[in-house]
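See below for the structure under consideration.
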Amino acid sequence: MKVTYIGHSGFLLEASNAYFLFDYYEGDIPEMNREYPLVVFVSHKHADHYNPAIFELAKKYPYIYFVVSKDVPVKWKIQEYLAQDVALENKVLVVRKNTETELMLHGQAKPLKIITLKSTDEGVAYLLEYGGKKYYHAGDLNLWIWAGETKQYNDNMSIKYFRELEKLKGMEIEAAFVPLDPRQEQDAFAGMESFLEYTKTKKVFPMHFWGKSVIIEAFLRKHPEYEEQIVKVEKSGQMFEYL
Ligand SMILES: [Zn+2]
C-alpha cells in the first residue's frame, strides 16, 4: 500500500494494482501507471473537497471511474466533456448516503465494494472493500463540536457522529483518512479519539488540518499510545509506503 498526501483532505492511495484518489482540490497529482484502474472519489461539493479539474484526468487515464456524492453538480460537466469528445457518462457513479455499490474495475477479478456513510456536514464518507482489505475516507464526517454552538447543537452532533461510527465498530481497516481540525480548538481531538477507539485501523492519516500539521504532534503528545497508528502527515507530495 502506497499513500501520497496531496493536500488538505486529498490523498492518493495505491493498493492491489489500483489507484484511489480522494477529495482532490489542489496540489500535484503524481504520475500513475495508465494500465491500472483509477477511481476518483468526491465526498461532497465544498470547494475544499471538490475541484472539477479532476475530470481532466479522463483524458489521460483510460481506466478511470468517478464516484461522486449526489450533492456534487456533475451533469453539466458530463455535457461539457461530451462536447470535447470525452465520454464521461459511463464513468461517473453518483452515490447517496447509506448505500452499498459494487464497481467492476478494469482487469480485476473481483469488484470494488463502495459503502457510503452519512456525513455530519455534507455528502458522504467512503468505506471501501478491495483486494480483501478495507479503506476509509471520512470526507467531512467528523464530530463537529464548537465552543460557540448551543448545547443542543453539539449534543445533536454527537448523536449523528456516533450513529455513523457504530457502523464501523470493531472493523479492521487498513488505512483511514480522518479529520483533525485545529479550528475546533479544545474540541479538535474528540472525533479522532473516538474513531481510534471504535475501529482497529492500522494506519490513520489525519487530514483537514488547514496546513497546521502541528496538531498531529499535539495529538500524539496527549496520546503516545497511538504513535504506531497515526501517520505524521506534514506537507503535500509526501509519500508513505507499507507492506
Ligand atoms: Zn471540508
Side-chain angles (χ1 to χ4, degrees), residues 3-13 20-29 39-55 66-74 77 94-98 114 116-128 135-149 153-154 156-158 160-165 168 175-196 201 204-216 218-219 230-231 233-238:
V3 174
T4 308
Y5 177 53
I6 297 175
H8 200 50
S9 299
F11 287 88
L12 176 68
L13 165 72
F20 304 109
L21 177 66
F22 298 101
D23 281 7
Y24 172 80
Y25 99 101
E26 63 165 15
D28 296 326
I29 299 170
V39 191
V40 181
F41 293 89
V42 184
S43 68
H44 63 296
K45 69 180 178 193
H46 291 169
D48 62 323
H49 295 261
Y50 168 59
N51 181 342
I54 52 171
F55 295 112
F66 298 91
V67 178
V68 304
S69 170
K70 196 179 166 287
D71 61 289
V72 181
V74 287
K77 273 285 152 197
V94 177
V95 292
R96 296 159 181 265
K97 63 186 179 186
N98 301 322
I114 303 160
T116 56
L117 276 66
K118 182 185 192 303
S119 177
T120 47
D121 186 344
E122 198 157 356
V124 299
Y126 289 108
L127 175 68
L128 310 181
Y135 306 94
Y136 172 77
H137 189 284
D140 268 349
L141 171 55
N142 185 29
L143 184 55
W144 294 114
I145 299 285
W146 301 101
E149 278 293 348
Y153 177 93
N154 286 332
N156 197 25
M157 173 57 62
S158 292
K160 287 195 260 180
Y161 182 67
F162 286 100
R163 191 184 291 152
E164 300 310 304
L165 262 198
L168 304 175
F177 306 92
V178 179
L180 192 60
D181 195 318
R183 299 173 307 170
Q184 287 182 281
E185 299 179 344
Q186 73 269 26
D187 299 305
F189 292 172
M192 177 66 87
E193 286 168 342
S194 302
F195 180 85
L196 286 159
T201 303
V204 179
F205 294 79
M207 61 179 191
H208 213 270
F209 47 76
W210 305 99
K212 294 175 180 138
S213 62
V214 287
I215 192 172
I216 304 173
F219 185 87
I230 294 275
V231 179
V233 180
E234 278 171 343
K235 54 178 192 297
S236 59
Q238 218 176 346

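Only heavy atoms go into these numbers, but all of them, side chains included; no hydrogens, no water, no symmetry mates. Counting starts at 1 for both ligands and their atoms, in listed order.
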* Could you tell me whether the side chains of W210 and D181 share a donor-acceptor contact shorter than 3.5 Å? => yes
* Side chains of S119 and D121: do they bring a donor and an acceptor to under 3.5 Å? -> no
* To do: Scan for salt bridge (charged side-chain N to carboxylate O under 4.0 Å, His left out) pairs involving residues 204-216, sequence neighbours excluded, and state none if there are none.
  => none
* To do: Among the N/O/S atoms of D48, select the one at the shortest distance from the Zn ion (ligand 1) and name it.
  => OD2
* So which N/O/S atom does D140 have closest to the Zn ion (ligand 1)? -> OD2
* Quick check: does H8 put an N/O/S atom under 2.8 Å from the Zn ion (ligand 1)? -> no
* Asked: Residues in side chain to side chain donor-acceptor pair (under 3.5 Å) with N51, at least two apart?
  -> none
* Answer yes if the ring centres of F205 and Y5 are under 6.0 angstrom apart, and no otherwise. => no
* H49 near the Zn ion (ligand 1): N/O/S under 2.8 Å -> yes
* To do: Please confirm if an N, O or S atom belonging to D121, backbone or side chain, lies less than 2.8 Å from the Zn ion (ligand 1).
  => no
